[in-house]
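Only a predicted model underlies this, so the values are computations on that prediction, with no experimental measurement involved. Basis for what follows: all heavy atoms, side chains included, without hydrogens, waters or symmetry-related copies. Ligands are counted one by one from 1 in listed order, and the atoms in each one are counted from 1 as well.
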Amino acid sequence: MTKFAIDFGTAVTKIFQLGSGNGIVLSEATCVTVDRGTREIRSLGDEAKKVLGKTADTDVIFPVYEGEIVDEALAGELLHYFFGKIGRKGFTEALFCVPCGCTKENRAKYLRVARDAGLSKVSFVEVPYLAALGMSVPVSESNPAFAIDIGAGKTSLAAFSFDGINAGLNMNVGGNNMDTSIIDHIAQTYNLKIGLSTAEKLKNTVGSLIPHDHQSYVVQGRDITSGKPRQVAVYSEDIVRPISVYVNLILEYAELILRKLPEEISATMCRSGIYLSGGVSAMPGLGDYVQGRLQMDAHVAEDPQMAVVLGGGRVLGNAALLDKLLMK
Ligand SMILES: Nc1ncnc2c1ncn2[C@@H]1O[C@H](COP(=O)(O)OP(=O)(O)OP(=O)(O)O)[C@@H](O)[C@H]1O
Ligand SMILES: [Mg+2]
């Protein structure tokens, strides 16, 4: 039987295959385009994301929003498409990486979508455990850890050991908020309207929390007054504010959680530090910024965007640990 770990993210779906061809076998946009009139599917995955902001006759839909399945039919079609690409055969076991405290109703949605995509046995493990496993954090029953995963639509923060989550929460804040905020900022500063894809590219190319970082990226947009196309060079320091507003918000909640923890746990956290994963954690300078703000060590995953699904693959290969961590 083939086993898969699936991180069905707001922006990107990541799939890990256990067994032959062991490793991450897919990373594609969680995106579908449909014909605006007939609602027929036009494209899926990365192909669909390319169309964002470029056509008038198709709607671009993200069937997972802020970590929850919001369009079951399209989510099912998308997973089916992804598994077709991977070339799955026969009976398959799937582990979904889900947000902290994912409700029964939400899990029921995953189960229906998985069934539509032809997946057989399905289980669920919460993101913080998987992020820690993906980063090889020395967490155990007696050794707790503090992890923050900053994705596109949500951020999960949790203090936990393999005995359970001591304190944690999900915030509907992530890279998507930063992109929208960058659009507003460019409009105000340069009187230039840019699209979502451009804002994301700008953030991922020169977005930085390194003080006085001076990298630049040329963005194309439309002059708000004249309506004519225009371009402007944007520097890292120009977009620090629309990014740091959200990072600061996340860190305020991190501090709240740390303050609420029992003293012994809090002391262990302060010694071991904080573990950062999720695509946004790839931003240069984020680790040092978090370290400065929280006055504790911050460790950024080697491949932040893949940490969770990698942890999913690791837990799939350890039946005893899987039994301990899966949501019942
Ligand atoms: N170098 C980078 N700097 C900043 N942000 C980045 C970088 N690379 C990717 N991102 C952002 O990371 C986000 C995607 O990360 P990830 O794949 O962890 O999210 P997701 O799992 O799809 O979403 P969620 O966990 O919220 O459901 C996007 O917002 C993307 O723009
Ligand atoms: Mg994610």
Counting both backbone and side chain atoms, is some N or O of G151 under 3.5 Å from an N or O of ligand 1? no
Close N or O approach (G278, ligand 1; < 3.5 Å): no
Residues [X] and [Y]: side-chain donor-acceptor under 3.5 angstrom:
X	Y	value
T92	T2	no
D149	S277	yes
N191	T225	yes

Which residue and heavy atom of the protein sit nearest [atom], plus the separation:
atom	answer
atom 20 (P) of ligand 1	K14 NZ, 3.6 Å
atom 5 (N) of ligand 1	N204 OD1, 3.2 Å
atom 23 (O) of ligand 1	A152 N, 3.1 Å
atom 27 (O) of ligand 1	T10 OG1, 2.7 Å
atom 14 (C) of ligand 1	Q305 NE2, 3.7 Å
atom 25 (O) of ligand 1	K154 NZ, 3.1 Å
atom 30 (C) of ligand 1	E200 OE2, 3.3 Å

At less than 4.0 angstrom from any non-hydrogen atom of [X], what atoms of ligand 1 do you find?
X	answer
G175	29 (O)
V12	17 (O), 22 (O)
G9	20 (P), 21 (O), 22 (O), 27 (O)

How would you list, by chain and number, every residue that makes a side-chain hydrogen bond (donor to acceptor under 3.5 Å, both in side chains) with D59, sequence neighbours excluded? R36, R39
Qualifying residues under side-chain hydrogen bond (donor to acceptor under 3.5 Å, both in side chains), relative to D163, sequence neighbours excluded: K324
V60 versus C31, closest heavy-atom pair with distance: CG1-SG, 3.5 Å
The side-chain contact (heavy atoms from CB on, under 4.5 Å) partner of I148 among L276, V290, V280 is L276
Looking at non-hydrogen atoms alone, which of S277, G279, S208 comes nearest to atom 8 (N) of ligand 1? G279
Ring geometry between F4 and F83 (parallel below 30°, tilted from 30 to 60°, perpendicular above 60°): perpendicular
Before accepting this row, confirm whether a basic side-chain N of the pair R42/D35 lies closer than 4.0 Å to the acidic partner's carboxylate O. yes
